[in-house]
Amino acid sequence: MLNLTGKNALVTGIANNRSIAWGIAQQLHAAGANLGVTYLPDDKGRYEKKVRELVEPLQPSIFLPCNVQDDAQIDTTFEAIDKQWDKIDILIHCLAFADKEDLSGDFSNTSRQGFTTALEISTYSLTRLAAAAKPLMKEGGSIVTLTYLGGVKVIPNYNVMGIAKAGLEMSVRYLASELGSSNIRVNGISAGPIRTLASSAVGGILDMIHHVEQVAPLRRTVTQIEVGNAATFLCSDLASGITGQVLYVDAGYEIMGM
Ligand code: NAD
Ligand code: 0WE
């Protein structure tokens, strides 16, 4: 069993009980980590209530709003962490967003604004959060982000998100190179398709999941908990020699050519 006792872990990207970040939070907690949770605030406070109730059993010692498009919210989050925790050990970046109209139709129709939004939220945020976490990772640390095959190969309709994930995976390498001297490791997990709030809003996701169930070596898709286990491994001392990598947690789908 992995042991993360005494480790402080900040988890971003929990929206509901289907979120990949929720699978990761549960497994980090099971390994003994002390959790901090951030959520995307909305005007009506719906996310806050839902996420607060969901994570309550994991007793996070930090629970804060953090829209990654807002530098002030990011700074406030890390100032609060600096006050409450002696250090950060683990940062989970598990968020993405593109305008829905940019996830179907011709990729060449992507607007300037749509392109900018997708890369700001889904790509730049990793670098911005890593920069904020760096001075608080006093004993080194582990940063894990979530990516998808659509950043490496063409997946119909993934479109601008594919460009965002390609940039995210390259950000993992540049960040790993820079932060290695501070004993901070940076890795990505490329998850196979999972039914979540984000993916369910995508037309044809069930057909894609069905395809993976027929073609992947394990003849199934993966669960949020399996992704959570891989993330927990990458955050543990068992992975102390691993940085700058993208680990596929996809039931083997990525190796198939035909
Ligand atoms: P999800 O909808 O549960 O999670 C996405 C999260 O992004 C939500 O919690 C949402 O609040 C957050 N978010 C969006 N805009 C934000 C902003 N401006 N500031 C802060 N947070 C913001 O869906 P998910 O599928 O669990 O997605 C999590 C990650 O996993 C994403 O990076 C996604 O690309 C990746 N991923 C998902 C799949 C899949 O099939 N579901 C596969 C591979 C990778
Ligand atoms: O990264 C993702 C989800 C990305 C996503 C999804 C949405 C839908 C709702 C980002 N932004 C939004 N914005 C919305 O308004 N995945 C890996 C899941 C996913 O999304 C796809 C997929 C798969 C798989 C989009 C097209 C094709 C396949």
Side-chain angles (χ1 to χ4, degrees), residues 10-25 37-42 46-48 50-51 54-55 64-71 73-74 77 92-105 107 114 116-126 128-129 144-169 171-172 188-212 221-228 230-231 246-251 253-254:
L10 184 68
V11 179
T12 66
I14 302 177
N16 62 25
N17 64 351
R18 287 197 160 168
S19 294
I20 293 174
W22 171 235
I24 297 173
V37 167
T38 66
Y39 60 92
L40 175 63
D42 65 296
R46 278 170 305 177
Y47 264 133
E48 172 176 1
K50 188 177 263 181
V51 179
L54 180 68
V55 302
L64 290 168
C66 187
N67 182 335
V68 297
Q69 288 186 288
D70 184 345
D71 278 323
Q73 286 184 35
I74 295 175
T77 295
I92 306 295
H93 176 275
C94 193
L95 53 90
F97 182 82
D99 291 328
K100 196 159 193 266
E101 69 208 45
D102 290 325
L103 294 173
S104 64
F107 168 65
T116 304
T117 298
L119 273 90
E120 181 190 357
I121 297 177
S122 313
T123 310
Y124 175 69
S125 62
L126 174 68
R128 182 63 180 79
L129 292 178
V144 173
T145 187
L146 267 291
T147 185
Y148 178 58
L149 183 62
V152 177
K153 304 273 181 175
V154 174
I155 306 280
N157 297 322
Y158 201 58
N159 294 5
V160 72
M161 274 305 306
I163 284 71
K165 292 302 193 189
L168 184 74
E169 294 185 16
S171 305
V172 164
I189 291 176
S190 187
I194 300 178
R195 273 191 78 178
T196 63
L197 183 65
S199 68
S200 299
V202 171
I205 189 74
L206 288 179
D207 291 338
M208 273 181 264
I209 287 173
H210 190 60
H211 172 75
V212 168
T221 52
V222 295
T223 65
Q224 291 86 335
I225 295 295
E226 288 180 301
V227 175
V246 175
L247 178 60
Y248 281 80
V249 180
D250 67 345
Y253 182 84
E254 183 268 344

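Both counts, for ligands and for their atoms, begin at 1 and track the order of listing.
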Report the nearest protein non-hydrogen atom to [atom]: residue, atom name, distance rounded to 0.1 Å.
atom	value
atom 26 (C) of ligand 2	Val202 CG1, 3.4 Å
atom 18 (C) of ligand 2	Ser199 CB, 3.7 Å
atom 5 (C) of ligand 2	Leu103 CD1, 4.0 Å
atom 27 (C) of ligand 2	Pro156 O, 3.4 Å
atom 4 (C) of ligand 2	Met161 CG, 4.2 Å
atom 16 (N) of ligand 2	Tyr158 CE1, 3.7 Å

- Query: Has ligand 1 got any nitrogen or oxygen that is less than 3.5 angstrom from a nitrogen or oxygen of Asn67?
  - Reply: yes
- Query: Looking only at distance, does Lys165 have an N or O less than 3.5 Å from an N or O of ligand 1?
  - Reply: yes
- Message: Under 4.0 Å, counting heavy atoms only: does Ser122 come that close to any atom of ligand 1?
- Response: no
- Message: Between Asp99 (side chain only) and Glu101 (backbone N and O only), is there a donor and an acceptor less than 3.5 Å apart?
- Response: no
- Within the 4.0 Å heavy-atom cut-off, what Ile205 brings close to ligand 1 is neither
- Message: Residue-level breakdown please: for Asn159 versus ligand 2, do any non-hydrogen atoms fall below 4.0 Å on the side chain, on the backbone, on both, or on neither?
- Response: neither
- Query: Would you call Leu197 a ligand 2 contact, heavy-atom distance under 4.0 Å?
  - Reply: no
- Would you check whether Ser122 reaches within less than 4.0 Å of ligand 2, judged by its heavy atoms? no
- Ranking Ala198, Ala98, Ala96 by closest non-hydrogen atom to atom 14 (C) of ligand 2, top hit is Ala98
